[in-house]
Amino acid sequence: MSSPPVSLRSPPPEGALSALGRPDGTEMKPLPPGSWLGMLGGGQLGRMAVHAAQRLGYRVAVLDPDLNSPAGSAADEHLCAPYEEPRALAQLAQLCPAISTEFENVPARVLAKLAESCFVAPAATAVAVCQDRAAEKAHFARSQVPCAPHAVLASSADCEAADAALLPGILKTATLGYDGKGQRRVRDRAELLTAFRELGGVRCVLEALLPLAAELSVVVARGQDGAMSLLPVQRNWHEDGILATTVAPATGVANECIAQAEQHARAIAEAMGYVGVLCIEFFVLEDGRLLANEMAPRPHNSGHHSIDSCSLSQFDLQVRALAGLPLPAVRQHSATVMLNLLGDLWFDAQGQQREPDWAGLLALEGTHLHLYGKVEPRRARKMGHLTLTAASAEDAAALARRAAALLRLPCHA
Ligand code: ATP
Ligand code: MG
């Protein structure tokens, strides 16, 4: 573990930047360039946040136990330690006046502890809501945003008693699920009981299986002064529970539905007094209804396109919210499609490892390749993503199809 140069900490020069007002009337001074920002988690989301922070002249310390973590290798300082290691947390707190997280399952008590001496965004309370599907759905209700019919099940008896209208359904563990993990589709009560046991008998949420016409996501950034800035509404397609394709702005969905998704995203962030970047996933049902699915208290895979297609990326917004800088409206300057690059791409049909044809791909105008520096390609592992930009949605989709054919990737655009 390298020890951070704590003595480098530069006290913010007074009045260096204009101050923003908090809704409670107190003034909040932006952190000047050169300040340290802290990041809990060293994955690709942290790496892209590090890049955005460094562009603005900030220095970033990342806490992650993996020596080769994507964000740790890009950071100015990598604290290579478990997330709950008290000494590493104390070092992070001493070095960084403001700390964020890129890792959803960071224990909320860690954030609460850091908040005793630092500015932490998003707050522990908001992260705790997003970590628990039951609490998340309760928050949607508080925000007056509809979500899937569901029940919280904590025992086999709860499974026996669950409303038959929720079957067929999807049983999801209340905590620690991601990329389709911790979920089982169940047709009837017998399958529900089996799935509940298979998932370890932990607290779960049973949702009715809904007829989806489309999936959308909205990335919203909310500053300490309550100002909000949204990315264009995105349309998403998944393969085996993992995001495969994002199109922005969303195509093939009614304008009223898009406007409602934006309105819901604002309401959800506002009702939590959220500070930072939040992504809300939505379902569009075949009858046109819009329901909130889940949310992530951080930038989201579906917002990666913003680096190449928008005036501000979701990572720029995250850094600005953390540093107390303004959050102006985001302008999308290019139509875009994003394709995820999973580890499968590094293996041929015989299972032999190979290097994808990057040169062939990069010969196409409008391709933006992002690789996360992960050492070992594994199946279903997010190794990078590809953003295609063009002047029109049609051109972006055509380019995405060409790039996908070249790499032999699925493409839904
Ligand atoms: P993420 O990687 O986004 O965190 P996750 O594993 O937390 O995903 P969900 O977003 O809840 O899981 O579900 C994954 C996918 O499964 C959804 O994007 C959607 O395609 C499908 N799905 C989930 N819930 C339902 C439902 N109630 N009805 C129909 N399809 C659903
Ligand atoms: Mg999801």
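None of these values were measured; they are calculated from a predicted model. Every heavy atom of this structure was used, including side-chain atoms; hydrogens, water molecules and symmetry mates were not. Both ligands and their constituent atoms are indexed starting at 1 by order of listing.
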Which heavy atom of the protein is the closest neighbour of [atom], given with residue, atom name and distance?
{"atom": "atom 6 (O) of ligand 1", "answer": "G180 N, 2.5 Å"}
{"atom": "atom 4 (O) of ligand 1", "answer": "E294 OE2, 3.1 Å"}
{"atom": "atom 2 (O) of ligand 1", "answer": "D179 N, 2.8 Å"}
{"atom": "atom 28 (N) of ligand 1", "answer": "L210 N, 3.0 Å"}

Just which atoms of ligand 1 are under 4.0 Å from any heavy atom in [X]?
{"X": "L209", "result": "28 (N), 29 (C)"}
{"X": "N293", "result": "9 (P), 10 (O), 11 (O)"}
{"X": "L212", "result": "29 (C), 30 (N)"}

Hey, is CZ on R189 packed in by over 12 heavy atoms from elsewhere, all under 6.0 Å?
->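 Enclosed.
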
Please indicate whether any nitrogen or oxygen in A208 is less than 3.5 Å from any nitrogen or oxygen in ligand 1.
->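 Such a contact does occur with ligand 1.
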
Is there any N or O on I170 that sits under 3.5 Å from an N or O of ligand 1?
->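 No: no nitrogen or oxygen of I170 is under 3.5 Å from one in ligand 1.
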
Is the shortest distance from a Lys or Arg side-chain nitrogen in [X] or [Y] to a carboxylate oxygen in the other one below 4.0 Å?
{"X": "R109", "Y": "E84", "result": "yes"}
{"X": "R59", "Y": "E77", "result": "no"}
{"X": "E207", "Y": "K137", "result": "yes"}

Residue portion contacting ligand 1 (non-hydrogen atoms closer than 4.0 Å) for R133 =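 Side chain only.
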
Ligand 1-proximal atoms of N236, by part, heavy-atom distance under 4.0 Å |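 Neither; nothing of N236 gets under 4.0 Å from ligand 1.
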
Given H300, H304, H51, the one that forms ring-ring contact (aromatic ring centres under 6.0 Å, His included) with F315 |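 Between F315 and the candidates, ring-ring contact (aromatic ring centres under 6.0 Å, His included) is satisfied uniquely by H304.
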
Can you give each donor-acceptor pair under 3.5 Å made by side-chain atoms of residues 113-125, sequence neighbours left out, with the distance rounded to 0.1 Å?
| unit_1 | atom_1 | unit_2 | atom_2 | d |
| --- | --- | --- | --- | --- |
| K113 | NZ | E116 | OE1 | 3.1 |

Which N/O/S atom belongs to E294 and is the closest one to the Mg ion (ligand 2)?
->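 Checking each N, O and S atom of E294, the shortest distance to the Mg ion (ligand 2) belongs to OE2.
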
E281 atom (N/O/S) at minimal separation from the Mg ion (ligand 2) |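 Result: OE1.
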
Interatomic spacing from CG in N236 to CZ in F282 - rounded to 0.5 Å =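 The CZ atom of F282 is 11.5 Å from CG of N236, to the nearest 0.5 Å.
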
When rounded to the nearest 0.5 angstrom, what is the spacing between CG in L63 and SG in C96?
->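 Interatomic distance, L63 CG to C96 SG, rounded to 0.5 Å: 10.0 Å.
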
Mind checking whether H385 and H370 have parallel, tilted or perpendicular rings, split at 30° and 60°?
->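 Parallel, since the angle between the ring planes stays under 30°.
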
Are G182 and ligand 1 in contact, using a heavy-atom cut-off of under 4.0 Å?
->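 The answer is no, since G182 has no heavy atom less than 4.0 Å from ligand 1.
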
Listed pairs under 3.5 Å, donor-acceptor, residues 249-277 side chains, sequence neighbours left out:
| unit_1 | atom_1 | unit_2 | atom_2 | d |
| --- | --- | --- | --- | --- |
| E270 | OE2 | R222 | NH2 | 3.4 |
| Y274 | OH | V277 | O | 2.8 |
| Y274 | OH | P297 | O | 3.2 |

From H238, E281, R185 - option closest to atom 21 (C) of ligand 1 by heavy atom |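 Considering heavy atoms of H238, E281, R185, the nearest to atom 21 (C) of ligand 1 sits in R185.
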
Taking the minimum heavy-atom distance to atom 20 (O) of ligand 1, which of E215, Q183, K172 ranks first?
->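 Among E215, Q183, K172, the closest heavy atom to atom 20 (O) of ligand 1 belongs to E215.
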
